[in-house]
Structures are given as C-alpha cells and as structure tokens.
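Along the sequence shown, residues are numbered consecutively beginning with 1.
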Amino acid sequence: MSSISPASVLDDVELQPGRPPILRAEPPGDAPSWAAEHRDALRAVVAEHGCVLVRGLGLRDVAGTGAVFERLSTELMTEREAFAPRQTYTDGVYSSAQWPPNQPMCMHHELSYTLEFPGLMLFACLTAPTEGGATGVTDAATVIEELPTELTERFEREGWLLTRSYNDEIGSSVAEVFGTDDRGAVESYCRANAIEFEWQPDGALRTKQRRSAVVRHPVTGRRCWFNQIAFLNEWTLAPEVREYLVEVYGADGLPFNTRFGGGDPIGEDVVQLLNEVYEANTAREPWQAGDLMLVDNIRTAHSREPFEGPRDVLVAMADSVHLSNCSPTFEVTAR
C-alpha cells in the first residue's frame, strides 16, 4: 500500500493557540487502511508538534480501534506498574485508567517511573462525555524552561522518589501492577527494575523507586520535564480526599506519594507551582466520538479533565523506550 507524503499532511494540520494540532480526515470507511496509508505522515506530525488529534475517522468499536493502533505503532506494550486499574480489551488495548470522574488526572507522562515506558501514546474516543473530559497536552520542554532554575537543578541532581503502599481499596492491586501476586515473583520484578520493597506486618507491600525527573528526548536530544511528581503527590489530591487517606492509612501509608530524590518532602507550594506551569501551557480540545489522538509520551505530558456523562476512551501504549536511552541524570541499576 502506498503511503501519503508527510509534507502534504503537515501542511493540512490546523494549528491554533490553546488547542492541540488537529488533522481532519475524510471519512474513509476503512479506518485501519487509512491509518496504514497515513502512518509515516502522522508520525511526522507527532515528531514536529509532539501530538496530533485526528478528527473524522469514525472509530466506533474495540476491534477497529485496535487495528488502527497496531498500524500506527511499531509494537503495542503490555502495561506494568499501573497506578490505577484499567480494563484490558485485547493485547495492548486498554480502557482509560479508572479514576473518579469528578477528579482531574493532572499532567503526567505515562509510566515515567518505570525503566521502560511508552514512547507513543494512542487514544481513541468511542463515546464523548456530555461535559468536560478532554485529554489536555503540554510540551515538556516548555515546562522545564518556565520552571525556576534552582528547582529544576535540584530535581536534576536528586531525581524524584515515588512511594507506593498497596491496599485493597484504592489504586491498582499488587497483581494488577506486577502481573502476579506471588511474593517471590513480585520481589524478582522489583529487584530487576530497581524498586525497593518492604512487606508490612499485615502482609501489605510498600515500594520506593527513585527516577530522573529530567531526561533528554532520545531522538531530538531536547531536555524534557519527564515525571509524575505533581500528579502522584499528596498535595494534588482534593483536600477532603487527602484528609481521609491520611486518617485511614497514615501519612506514610498513602497509596502513592512523591518526594525529592533525596527523601525530603515536596511542599504544597512546589506542587502548586508545577500544576500552574502545566495549566498555563495546556492545549485542550473536547473529544468527539470517533476521534484519534497520538502523543509523544516523552515530549508531551497529558491529563484528563473532570467530566459528566459516559466517557469511553481507549488507550494503547506503544514503541517502548528504555530510560538508559534518555540520558538520565543519575544511574539506576537493577539488583
């Protein structure tokens, strides 16, 4: 099958302040064939702009959407270390993370706390919410330029620390995160992926992993603010949610929290600053049923806004990248 010229597609992309790049597709009737024909061109748009929203494909079901995802990617990934549960439809095709509709999912880079993460995120809207629910995007290189130099330099030196305490109420279970609840297998995974672990007296698992907060894009070499420091921090939670979790699990037993890489707490003022810089640079477009979105996961952070009504957005993580190929600011070694 012949492919479409990237240059011609780049010329057709709509660029407007405050909105992601948008490409309008002629309803093709056969979305997977259209995706195969436009694969190189779409990936060129993502390389140029960091993301693109494709409107007009008319995606309606899991089978057709999964076929589109496969044709646009090199390889779909199996998710490990998820912070929230998802429904698995087919290999590599998932629902959006299960997160309260009235709570935002703040800006983050998917699986940025792992050693191997997706280079490309794929989203497809089968059912659009009646209100809200947009997937916002922010350029990570712009974020790092607008943050105070002393803050970014500290995070470059120390990295960031993610702590997780697993329970049966909130977040993903041990089996969902590691693909097994066998203690030996979980411990082997943690050792292989530079995750410190400790089994609590009640049998619950607590983990810590230190990662670089700033990386270089493996293709362009640009410095990118690449982490989930703000999203997974206690101060991003709604006050009533945080108070409840602290009361039930204790300050050290929150389902997840982030710190400076050296272990110092991250203040509410820092988290607020991070979220303000993200918001000032966020582009958003309300979903329409049938939309497709491609996002460079290293260059571009994404979010999910609160919503009302049913919202069915399929997700795939693709084209895995290893942290070691992104010039991490300190060496992470498996044990």
Side-chain angles (χ1 to χ4, degrees), residues 18-20 22-25 27-32 34-35 51-70 72-73 76-79 82-108 110-111 118 120-138 169-173 176 231-232 236-238 240-241 255 278-279 282-295 297 300-318:
R19 302 173 71 189
I22 298 176
L23 177 67
R24 300 186 185 276
D30 183 0
W34 185 94
C51 62
V52 63
L53 176 70
V54 182
R55 177 153 288 167
L57 279 183
L59 300 175
R60 296 181 180 85
D61 55 42
V62 172
T65 301
V68 168
F69 286 169
E70 288 177 352
L72 293 176
S73 65
L76 300 184
M77 297 175 59
T78 298
E79 184 179 34
F83 64 84
R86 300 180 188 272
Q87 181 177 346
T88 302
Y89 292 109
T90 61
D91 288 347
V93 179
Y94 301 93
S95 70
S96 297
Q98 296 173 20
W99 200 259
N102 65 337
Q103 298 293 322
M105 295 176 66
C106 298
M107 281 292 172
H108 62 284
E110 204 70 32
L111 299 179
L120 179 69
M121 294 295 297
L122 298 158
F123 303 93
C125 179
L126 305 189
T127 303
T130 54
E131 184 175 342
T135 297
V137 289
T138 302
E169 273 193 323
I170 297 175
S172 297
S173 67
E176 289 167 332
F231 179 32
L232 298 181
T236 291
L237 296 169
E240 65 275 12
V241 174
Y278 278 134
E279 177 58 30
T282 293
R284 54 175 60 86
E285 172 70 11
W287 282 113
Q288 293 182 14
D291 284 352
L292 169 73
M293 194 175 196
L294 294 81
V295 177
N297 186 46
T300 306
H302 67 276
S303 64
R304 191 223 68 191
E305 299 180 354
F307 65 92
E308 296 180 3
R311 179 185 187 270
D312 188 5
V313 174
L314 302 187
V315 179
M317 292 155 254

**Study point:** Residue list, salt bridge (charged side-chain N to carboxylate O under 4.0 Å, His left out) with E70, at least two apart or on another chain
**Key:**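 With sequence neighbours excluded, E70 shows a salt bridge (charged side-chain N to carboxylate O under 4.0 Å, His left out) to no residue whatsoever.
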Shortest non-hydrogen contact between [X] and [Y], atoms and distance:
{"X": "A316", "Y": "L76", "answer": "CB-CD2, 4.0 Å"}
{"X": "A128", "Y": "A289", "answer": "CB-N, 4.0 Å"}
{"X": "T282", "Y": "T138", "answer": "OG1-OG1, 3.2 Å"}
{"X": "A82", "Y": "S172", "answer": "O-OG, 3.4 Å"}
{"X": "A31", "Y": "L59", "answer": "CB-CD2, 3.8 Å"}
{"X": "T236", "Y": "C106", "answer": "CG2-SG, 3.2 Å"}

Look up atom [atom1] in [X] and atom [atom2] in [Y], then write down how far apart they are to the nearest 0.5 Å.
{"X": "T300", "Y": "E110", "atom1": "OG1", "atom2": "CD", "value": "13.5 Å"}
{"X": "E305", "Y": "T135", "atom1": "CD", "atom2": "OG1", "value": "8.5 Å"}
{"X": "R311", "Y": "T130", "atom1": "CZ", "atom2": "OG1", "value": "12.0 Å"}
{"X": "E279", "Y": "R284", "atom1": "CD", "atom2": "CZ", "value": "4.5 Å"}
{"X": "L122", "Y": "M293", "atom1": "CG", "atom2": "CE", "value": "11.0 Å"}
{"X": "T127", "Y": "W287", "atom1": "OG1", "atom2": "CH2", "value": "12.5 Å"}

So do the side chains of [X] and [Y] get within less than 4.5 Å of each other, counting heavy atoms only?
{"X": "S96", "Y": "R304", "answer": "no"}
{"X": "T65", "Y": "V93", "answer": "no"}
{"X": "D291", "Y": "L53", "answer": "yes"}
{"X": "H108", "Y": "H302", "answer": "yes"}
{"X": "F69", "Y": "L292", "answer": "yes"}
{"X": "P104", "Y": "P306", "answer": "yes"}
{"X": "R55", "Y": "E285", "answer": "yes"}

Check your understanding: Applying the side-chain contact (heavy atoms from CB on, under 4.5 Å) test to V52, which of V137, I22, L294 qualifies?
Key ->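 Exactly one candidate clears the test, L294.
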Review point. Would the number of heavy atoms belonging to other residues, nucleotides or ligands and lying under 6.0 Å from CG of D91 be above 12?
Key: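 12 or below, so no.
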Check your understanding: Step by step, would you call V313 with F307 a side-chain contact (heavy atoms from CB on, under 4.5 Å)?
Key -> CA-CA 12 Å; V313 174; F307 65 92; over 6 Å; no
Exercise for review: Say whether, by atom type as modelled, one donor and one acceptor occur between the side chain of D312 and the main chain of L126 under 3.5 angstrom.
Suggested key: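 Such a contact is absent between D312 side chain and L126 backbone.
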Review point. Step by step, would you call Q98 with R86 a side-chain contact (heavy atoms from CB on, under 4.5 Å)?
Key: CA-CA 6 Å; Q98 296 173 20; R86 300 180 188 272; 5.7 Å; no
Check your understanding: Of all residues at least two apart in sequence or in a different chain, which pass the side chain to side chain contact (heavy atoms under 4.5 Å, CB included) check with T88?
Key ->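 Result, side chain to side chain contact (heavy atoms under 4.5 Å, CB included) vs T88: Y94.
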